[in-house]
Amino acid sequence: MKFSVRKGDLSKEPCDLLVLNAFEGFKTFGGATASVDKAMGGLLLTLAQEESFRAKAETSFMLYTHGMIPAKRILLVGLGKEKDFSEESVRSAAALSLQKARSIGAKKVVSVVHGAGHGGLHPKQTAKAIIEGMMLGVYEFLRHKSSKISKKNPDEIILLTHNGQITTQVLNGIKLGEIFANATIIARDLVNEPAQTLRPIDLVNRTKAMVKATEGKIQMRIYNKTQLEKMGAGGLLGIAQGSDHEPFLVHMIYKPSKAKKKYAFVGKAITFDSGGLSLKPAEFMENMKEDMAGAASVIGAMSALPLLAPSIEVHGIYGVCENMVSGRSIRPGDVVVAMNKKTIEVTNTDAEGRVTLADTLSYAVKQKPDMIIDLATLTGACMVALGDEIIGMFSNDDKVAQNILEAAKLAGESCWRLPLVPQYRKTLESKIADLNNVSGLKRKGGAITAALFLEEFVAQTPWAHLDIAGPAFAERPLNTYTPYGASGFGVRTLLELVRNAS
Ligand code: BES
Ligand code: ZN
Ligand code: ZN
């Protein structure tokens, strides 16, 4: 699938499918669609109206041109309401258009640059959104299908514009869209992989492969169990002890020559969360291979940094293990000592993520970053609060929180700030240790008390915690470009963040 941009006339370009657009409730067409309709003698508008096509978001209308123009078929995609038009409408329309192109086996697709002429979108942003929507919208995880045959993608997709002045901007947007989408796909592939073939060592090896592909632009340090013992990573080791597979701590470093700032991205990495001895009921365990999605997003984001080349030093960190049941498992009531020397009573072994993050956040603090962002499939409670499509964000710093909300909006990843209320901190007190891993409030405010627990391990560092338990794994398609399965949520928010700051 090759993307390109060219100056040209849509009504004169031969192709298998010509993609045009309209806003919801259109009476007449505007811009590029109007000019093609004119070449079609007004047939496009007539047929669309006869078929009652309203151009709502996530809808489209296809017709044969019968030789009236060189394009064989036209696909009219709905952009939704003009007042709601944004990069997100573009991603959605672009994903749908490529899905339709695949369903008819189109080899050459020509598309308008949705919204470059109106809506106030920048041509670069628009082109980026088109590529993201297309690449993510046709994503499939076929590794474990015996027949790998799927619908074929077109060979070439040309973004055609009559305005020759924007082709460079569109080309830059195409490149950026490919970088953002590929990083998201890396995360999706990791999360979709069953825990059987993605054990802690496998996640480490796949990170190694990603780092190797950057040809020295990312450095990597790996700490094994013996080293973790020396470092005092009692949280990670404690949760890992019931599994047959060894835990690791992985530290990736992207260090440009003149860095203005230093960020640390930390990901939760439980390759499978059975709950441990506080065992999960069967239906809550089904998708627990997803419990390393935080780390997957960090790995995906790191892979893109050499290509984006921001002037920010970025540290990607995760502590990986499996939360299992055995005679060696950590027991409810056991006490572990985290890397920052705080002691934790593990009352519930299913609240394991925060215990491992206690160590990885402590390790991140030692790197003296200007900001830490952690991503974690941390609590079911966050899904009760916000549903399955929205990231719950917590921060000890209003500026950091604001920057993340802005980045998430640009990325099209819904994110909502939840309060880190200090009065709940006391509910994490333990009778025998410094902290309890669960709150006395039990399930009430569970996402908040989990975040308050994490805050104990970030010292004074400006920090944000993204609880991605809901959107990390889509149990139903969330939109046209987020199909069932791993979503890669978080990757593009992190990338927008470094892009904006550099
Ligand atoms: N990995 C889960 C959270 C989760 C739930 C992620 C659903 C994705 C989808 C986490 O380790 C967990 O089990 N949390 C418990 C905490 C409780 C024991 C305090 C929860 O949310 O129930
Ligand atoms: Zn758990
Ligand atoms: Zn978990």
Side-chain angles (χ1 to χ4, degrees), residues 191-192 195 198 200 203 235-236 238-240 242-243 247 266-297 318-325 329-333 344-360 374-392 394 418 424 427-428 430 435-454 465-476 478 484-487 489-490:
V191 176
N192 279 326
L198 196 94
L203 190 66
L236 180 58
I239 299 301
S243 166
V266 175
K268 171 173 169 180
I270 305 295
T271 56
F272 188 75
D273 181 11
S274 71
L277 290 178
S278 313
L279 196 65
K280 284 184 184 292
E283 69 271 31
F284 288 1
M285 216 191 282
E286 278 171 17
N287 290 325
M288 278 304 133
K289 64 174 184 181
E290 72 169 281
D291 215 19
M292 35 57 72
S297 295
Y318 66 81
V320 60
C321 72
E322 194 186 33
N323 189 22
M324 294 298 269
V325 179
S329 293
I330 191 163
R331 290 155 290 248
I344 305 165
E345 181 184 4
V346 181
T347 301
N348 188 318
T349 64
D350 195 14
E352 82 299 337
R354 63 194 76 177
V355 180
T356 64
L357 285 165
D359 285 333
T360 37
D374 79 74
L375 297 95
T377 44
L378 205 64
T379 66
C382 194
M383 297 166 80
V384 174
L386 297 175
D388 60 358
E389 298 191 36
I390 302 176
I391 299 174
F394 297 84
L418 295 171
Y424 293 163
T427 71
L428 288 167
S430 156
L435 276 169
N436 198 320
N437 82 325
V438 285
S439 155
L441 288 176
K442 306 270 183 209
R443 296 169 62 183
K444 291 181 191 161
I448 300 176
T449 51
L452 285 166
F453 180 93
L454 298 184
H465 156 58
L466 272 53
D467 193 330
I468 55 170
F473 195 90
E475 289 174 31
R476 58 186 174 92
L478 299 186
Y484 168 86
S487 66
F489 246 67

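Scope of the values below: all heavy atoms of this structure, side chains included, with no hydrogens, waters or symmetry mates. Atoms within a ligand are numbered from 1 in the order they appear, just like the ligands themselves. Bear in mind the structure is a predicted one, so any value in this text is a computation, not a measurement.
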Ligand 1 contact on [X] by region, counting heavy-atom pairs under 4.0 Å:
| X | answer |
| --- | --- |
| Met292 | neither |
| Leu378 | backbone |
| Asp273 | side chain |

### Query
Got a donor-acceptor contact below 3.5 angstrom from the Ser297 side chain to the Phe489 backbone?
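It does hold such a pair.
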#### Entry: N/O donor-acceptor pair under 3.5 Å between Asn323 side chain and Thr349 backbone
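Yes, because the side chain of Asn323 sits within donor-acceptor range (under 3.5 Å) of the backbone of Thr349.
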With a 4.5 Å limit on heavy-atom distance, are the side chains of [X] and [Y] in contact?
| X | Y | result |
| --- | --- | --- |
| Pro247 | Val320 | no |
| Met292 | Leu198 | yes |
| Leu378 | Leu454 | yes |
| Asn436 | Phe453 | no |

### Opening angle between OD2 in Asp273 and OE2 in Glu352, taken at the Zn ion (ligand 3), to 10 degrees
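Result: 90°, to 10°.
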### Query
Where the Zn ion (ligand 3) is the centre, what is the NZ-to-OD2 angle for Lys268 and Asp291, rounded to 10°?
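Once rounded, the angle between the two atoms at the Zn ion (ligand 3) is 100°.
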What protein heavy atom lies closest to [atom]? Include the residue and the distance to one decimal.
| atom | value |
| --- | --- |
| atom 9 (C) of ligand 1 | Met288 CE, 3.5 Å |
| atom 12 (C) of ligand 1 | Asp350 O, 3.2 Å |
| atom 21 (O) of ligand 1 | Gly380 N, 2.7 Å |
| atom 19 (C) of ligand 1 | Val438 CG1, 3.6 Å |
| atom 18 (C) of ligand 1 | Asn348 ND2, 3.5 Å |

### Query
So, does Lys442 sit close enough to ligand 1 that a heavy atom of it is under 4.0 Å from the ligand?
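No, that is not the case, since the closest heavy atom of the residue is not under 4.0 Å from the ligand.
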### Task
Please confirm whether Arg443 comes under 4.0 Å of ligand 1, counting heavy atoms of the residue only.
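It does not, in that no heavy atom of Arg443 comes within the 4.0 Å cut-off of ligand 1.
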### SB check Lys268 Glu352 (cutoff 4.0 Å)
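So Lys268 pairs with Glu352 through a salt bridge.
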### Minimum-distance pair of heavy atoms, taken over all atoms of Cys382 and Leu418
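Heavy atoms only, the tightest pair is SG-CD1, 4.4 Å.
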